[in-house]
Amino acid sequence: MTANVAEEKTPAVPVWNDRAVSVSERVDALVGAMTLREKIAQLYGVWVGASDEGGDVAPHQHDMEEAVDLDVLLPAGLGQLTRPFGTAPVDPALGALSLMRSQARIAAENRFGIPALAHEECLAGFAAWGATAYPVPLSWGATFDPHLVRRMAATIGRDMRAVGVHQGLAPVLDVVRDARWGRVEETIGEDPYLVATIGTAYVQGLESAGIVATLKHFVGYSASRAGRNLAPSSVGPRERADVLLPPFEMAVREGGARSVMHAYTDLDGIPAAADEDLLTGLLRDTWGFDGTVVADYFGIAFLTTLHAIAGDWADAAGAALRAGVDVELPTVKTFGAPLEEAVTDGRVPETLIDRALRRVLTQKTALGLLDADWTPLPPALTGADLDTPDTLRGSIDLDSPANRALARTLAEEAVVLLSNDGILPLTAPRRIALLGPNADEPTAVLGCYSFPQHIGVHHPHSPLGITLPTLRDTLTAEFPDAEFRAVRGTGIDDGDTSGIPEAVRAARDADIAVVVLGDRAGLFGRGTSGEGCDAESLALPGAQQHLLDALLDTGTPLVTVLLAGRPYALGRATDESAAVVQAFFPGEEGTHAIAGILAGRLNPSGRLPVSVPRTPGAQPTTYLGPRLAHANNVSNIDPTPAFPFGHGLTYTTFHWTDLTVDHHEAPTDGAFTLALTVRNTGRRPGTETVQLYLHDPVASVVQPLQRLIGYTRLALDPGQARRLHVTVPADLASFTGRDGQRITEPGTLELRLASSSTQPHLTARLTLTGPQRHVDHTRHLHAVFVVGQEPVARA
């Protein structure tokens, strides 16, 4: 009887599947049970595409990779699935079914039942067919609104999680150093504090939905020489510490990011993928990061093919592992057989494999992928009839009305009114000439990592999957009684001037001319903006400046609209255009936002996250430079921008008054408290963005003329005023001193309360007292803004 009872007992759950056991014990038990090949299998991904029929994923072939045989690989296990939704147009429900079936197969074919972690791009929305295309990150920066960006990221994360995705390859935290770089559209701006706060908000939103956020590109990618993709970066340790690293530091410390992607570039001769001081010393030992470091696609192989610091694939794998890279993406190359051979022959110690493996398995455990009751069924397919795939088609909506409403709100806050002689908002014009290559182009609102521009271009016979109204569509709806004449004039970059005379005639016959210029997003030379689409100068691509100048010569009031991925010099139009409106690839709802602003239905509130140059060749430069980086009498080149960082106009006016300072002195470990009043003195509701800049007149090392240390958006009704209180910790004045340590030193400071980097309204001159103080990554990172609960009496 006793024997029978024993036979009927439920088999013990393996330690690694037991949620009652600590994560570290579960991981240790699994590591101890695995063979070398099984260990290594968890450290690479395979690039796949989901089936539009709901069947298994299929390996994706790329010109930089060799054929992958899943039947051979899967018995050892698999670490990641690369972009199942982001490789080809696939109905979301059938893609989810395909991923589910593949995950079941992966778990079934390895000894420990471990599924893969699925990752996708989500730079400006989930990069899947039919998913909402939100504004690009440069537009996030233009909002100066972390709360809205956090909401967007949480929405993106929920959509990804619903169909079985675990990790998102975003945000990009590179700080713009040269606007000629093709990936400027993917960045948040040229100021590290703006990039840090907006990027951290995105991380918080994505992580709140259960998606592993991936910080990229760590670090120095955007500081490449001449803005060329993958070119060497030669920044010094101080620029790295004070400009390039702070966004990553904040996103690790405050965002809770669980993954970091190394940069492609070398920094002063050391490729990021092989930089142990960076990926282990700083990231882990100093900052305390305990997540995974993943390779940028093919980045480990590049140690051999591009950087030439490794003689073969095994050497490259060993260099990356030693540095702290845990996962090879997008597919197995150096971390497969070459790494196994290198461990076997003693070139790479197995302890490095185990170190990376523990990090990978810890993350999989946190995601529930090792739990005994894990199921490959994604939430979006719960209750669905999985046996008849055709009935699932169209059942998952990744572009819901709520998504589109959020995308529109973000676009509305991101559009920047650069100049306006009073022509805007337009008042019922009778005849409108709508001109330029982007006036009637649906994809002109999309960045290079949107699905239609990234993947859809390779499938020209597939529908876009989302609705993309052109500016012609939305302006026609805003002005139903107006007569429109649309003329392209020229292409984005074809240099064709044959259509300019017709555009000129249309402008002369109109009451108002609206010219829509800018970029076409693409990759590796297929566009004028995007990865591998670097610019020789910041002149408008092709013959667009010729078109613009010809239209200015007509005398018809001209409104210039930019749909672009980077700022461009506009020549005469900077001063002669009746108005200039800048939109950085504002997403699928972007043209509604632009039309609403032109019509006056919306009051613009966007602010420039990057300076707009006055001349096309004054690069590289940003507002964040020391005295000699600005206009001076020792160089004939004047880099003064046409429109500065932080600039943006509205249809109302604001008055800043009554600055008070509690104490004009504070110790180097103290804080200052300021207060000011901002009043809307115009006739319509509007939003002012209060920006706080720090100027250090005399420092022990050369400092930027000023730098942003805080900001807040303030919405006010006509005549309304509010009292704004600001607490500024002395830590915000810290910088990297001569000894390489971050310090706060005594001396005089100026705190400038401004509406842009060149428009201060109120300035407080203050003094830090006491000894020089060393600070570290635990320092205060923010000024605290508190808006008075009760409005100040209206005028």
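Note that the structure is a prediction, hence the values are computed from the model and not measured.
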Legend entry - Note, Arg566 side chain near Val176 side chain (heavy atom, < 4.5 Å): no
Inset, instruction - Determine whether the aromatic ring centres of Tyr221 and Trp181 lie less than 6.0 Å apart. - result: yes
Inset, instruction - Side-chain contact test, heavy atoms from C-beta onward, threshold under 4.5 Å: evaluate it for Arg150 versus Tyr202 and give yes or no. - result: no
Inset, instruction - Using atom types as modelled and distance alone, determine if a side-chain donor or acceptor of Gln772 lies under 3.5 Å from a backbone N or O of Pro746. - result: no
Legend entry - Member of Leu117, Val327, Val294, Leu169 meeting the side-chain contact (heavy atoms from CB on, under 4.5 Å) criterion with Ser259: Val294
Inset, instruction - Determine, stepwise, if the pair Leu339 / Thr334 fulfils side-chain contact (heavy atoms from CB on, under 4.5 Å). - result: CA-CA 6 Å; Leu339 180 56; Thr334 71; over 6 Å; no
Legend entry - Leu30 vs Lys39 side-chain heavy atoms within contact, under 4.5 Å: no
Legend entry - Residue of the set Arg284, Arg358, Arg355 for which salt bridge (Lys or Arg N to Asp or Glu O under 4.0 Å) holds with Asp326: Arg284
Legend entry - Distance-only donor-acceptor check, side chains Gln80 and Gln42, under 3.5 Å: no
Inset, instruction - Please check if the side chain of Lys364 supplies one atom and the backbone of Gly79 the other of a donor-acceptor pair under 3.5 Å. - result: yes
Inset, instruction - Considering only NZ, NE, NH1 and NH2 on the basic side and carboxylate oxygens on the acidic side, decide whether Arg258 and Glu207 come within less than 4.0 Å. - result: yes
Legend entry - Residue pair Val46 / Leu78: nearest heavy atoms and the distance that separates them: CG2-CD1, 3.5 Å
Inset, instruction - Quick one: pull up CG in Leu303 and CD1 in Ile300 and give me the separation to the nearest 0.5 Å. - result: 7.0 Å
Legend entry - Ser233 side chain vs Gly220 backbone, donor-acceptor pair below 3.5 Å: yes
Legend entry - Worked check of salt bridge (Lys or Arg N to Asp or Glu O under 4.0 Å) between Glu340 and Arg37: CA-CA 7 Å; Glu340 185 176 353; Arg37 181 166 297 178; 3.1 Å; yes
Inset, instruction - Please examine the side chains of Leu708 and Leu194, heavy atoms only from C-beta on, and report whether any two atoms are closer than 4.5 Å. - result: yes
Legend entry - Enclosure of Asp312 CG (heavy-atom neighbours >12, cutoff 6.0 Å): yes
Inset, instruction - Return each pair, listed once, that meets side-chain hydrogen bond (donor to acceptor under 3.5 Å, both in side chains) where at least one residue sits in residues 241-257; pairs must be two or more places apart or across chains. - result: Asp242-Thr736, Asp242-Arg742, Glu249-Arg779, Glu254-His782
Inset, instruction - Measure across Val184 and Pro567 and return the closest heavy-atom pair with its distance rounded to 0.1 Å. - result: CG1-CD, 4.4 Å
Inset, instruction - Quickly, which of Val325, Thr214, Thr292 forms a side-chain contact (heavy atoms from CB on, under 4.5 Å) with Met261? Name it, please. - result: Thr214
Legend entry - Side chain proximity check, Tyr693 to Ile709, heavy atoms < 4.5 angstrom: no
Legend entry - Residues which pass side-chain hydrogen bond (donor to acceptor under 3.5 Å, both in side chains) with Arg773, listed by chain and number, not counting sequence neighbours: Asp731
Legend entry - Gly281 backbone acceptor or donor facing Thr286 side chain under 3.5 Å: yes
Legend entry - Close aromatic pair by centroid cut-off 6.0 Å: Phe335 and Tyr44: no
Inset, instruction - Supply the atom-to-atom distance Gln204 CD to His147 NE2, rounded to the nearest 0.5 angstrom. - result: 10.0 Å
Legend entry - Test: Glu531 and Arg183 ion pair at under 4.0 Å: yes
Inset, instruction - Can you sort out the partners of Asp145 under salt bridge (Lys or Arg N to Asp or Glu O under 4.0 Å), two or more places apart, ordered by chain and number? - result: Arg713
Inset, instruction - Spell out, as yes or no, whether a donor-acceptor pair under 3.5 Å connects the side chain of Ser450 to the backbone of Gly447. - result: yes
Legend entry - Exam field: side chain His307 to backbone Phe302, donor-acceptor pair closer than 3.5 Å: no
Legend entry - Evaluation steps, side-chain contact (heavy atoms from CB on, under 4.5 Å), between Phe298 and Thr305: CA-CA 10 Å; Phe298 310 106; Thr305 60; over 6 Å; no
Inset, instruction - Look only at the side chain of Trp313 and the backbone of Ala301, and say whether a donor-acceptor pair between them is shorter than 3.5 Å. - result: no
Inset, instruction - Mind running side-chain contact (heavy atoms from CB on, under 4.5 Å) on Val27 and Thr365 for me, showing each step along the way? - result: CA-CA 8 Å; Val27 169; Thr365 303; 4.0 Å; yes
Inset, instruction - Check Leu367 against Arg161 and note the closest heavy-atom contact, atom names and distance. - result: O-NH2, 4.0 Å
Inset, instruction - Taking atom types as modelled, find out whether Glu341 and Thr344 have a side-chain donor-acceptor pair closer than 3.5 angstrom. - result: no
Inset, instruction - For Arg225 and Ser234, work out which heavy atoms get closest and say how close. - result: NH2-OG, 2.6 Å
Legend entry - Minimum-distance pair of heavy atoms, taken over all atoms of Ser222 and Arg177: O-CB, 3.8 Å
Inset, instruction - May I ask you to decide if Cys448's main-chain N or O and His454's side chain share a donor-acceptor pair within less than 3.5 Å? - result: yes
Inset, instruction - Please assess Cys122 against Met160 for the test side-chain contact (heavy atoms from CB on, under 4.5 Å), listing each intermediate value before the final yes or no. - result: CA-CA 9 Å; Cys122 55; Met160 296 171 72; 3.8 Å; yes
Inset, instruction - Any chance you could measure Leu283, atom CG, to Glu276, atom CD, to the nearest 0.5 Å? - result: 12.5 Å
Legend entry - Minimum heavy-atom distance between Leu278 and Ala272, given as atom pair plus value: CD2-CB, 4.3 Å
Inset, instruction - From the options Tyr623, Tyr193, Tyr711, select the one residue that forms a ring-ring contact (aromatic ring centres under 6.0 Å, His included) with Phe645. - result: Tyr623
Legend entry - Check: Trp47 ring centroid to Tyr297 ring centroid under 6.0 Å: yes
Inset, instruction - Indicate yes or no: does Asp354 engage Arg359 in a salt bridge with an N to O separation below 4.0 Å. - result: no
Legend entry - Donor-acceptor side-chain pairing of Ser700 and Glu745 below 3.5 angstrom: yes
Legend entry - Side chain to side chain, Ile353 and Leu43, heavy atoms closer than 4.5 Å: yes
Legend entry - Crowding at CZ, Arg627 (>12 non-hydrogen neighbours, <6.0 Å): no
Legend entry - Gap separating the CG atom of Asp296 from the CG atom of Leu329, nearest 0.5 angstrom: 8.5 Å
Inset, instruction - Verify, without hydrogens or angle tests, whether Arg347 (side chain) and Ala314 (backbone) share a donor-acceptor contact under 3.5 angstrom. - result: no
Legend entry - Heavy-atom side-chain contact between Leu624 and Val243 under 4.5 Å: yes
Legend entry - Side-chain touch Thr331/Thr82, heavy atoms, less than 4.5 angstrom: no
Inset, instruction - Identify whether NZ of Lys or CZ of Arg in Lys216 sits under 6.0 Å from the centre of the six-membered ring of Tyr449 and within 45° of that ring's axis. - result: yes
Inset, instruction - Step through the shown structure and confirm whether more than 12 heavy atoms of other residues, nucleotides or ligands are within 6.0 Å of NE2 on His695. - result: yes
Inset, instruction - Ignoring hydrogens and angles, tell me if any N or O in the side chain of Thr200 forms a donor-acceptor pair with the backbone of Ala196 under 3.5 Å. - result: yes
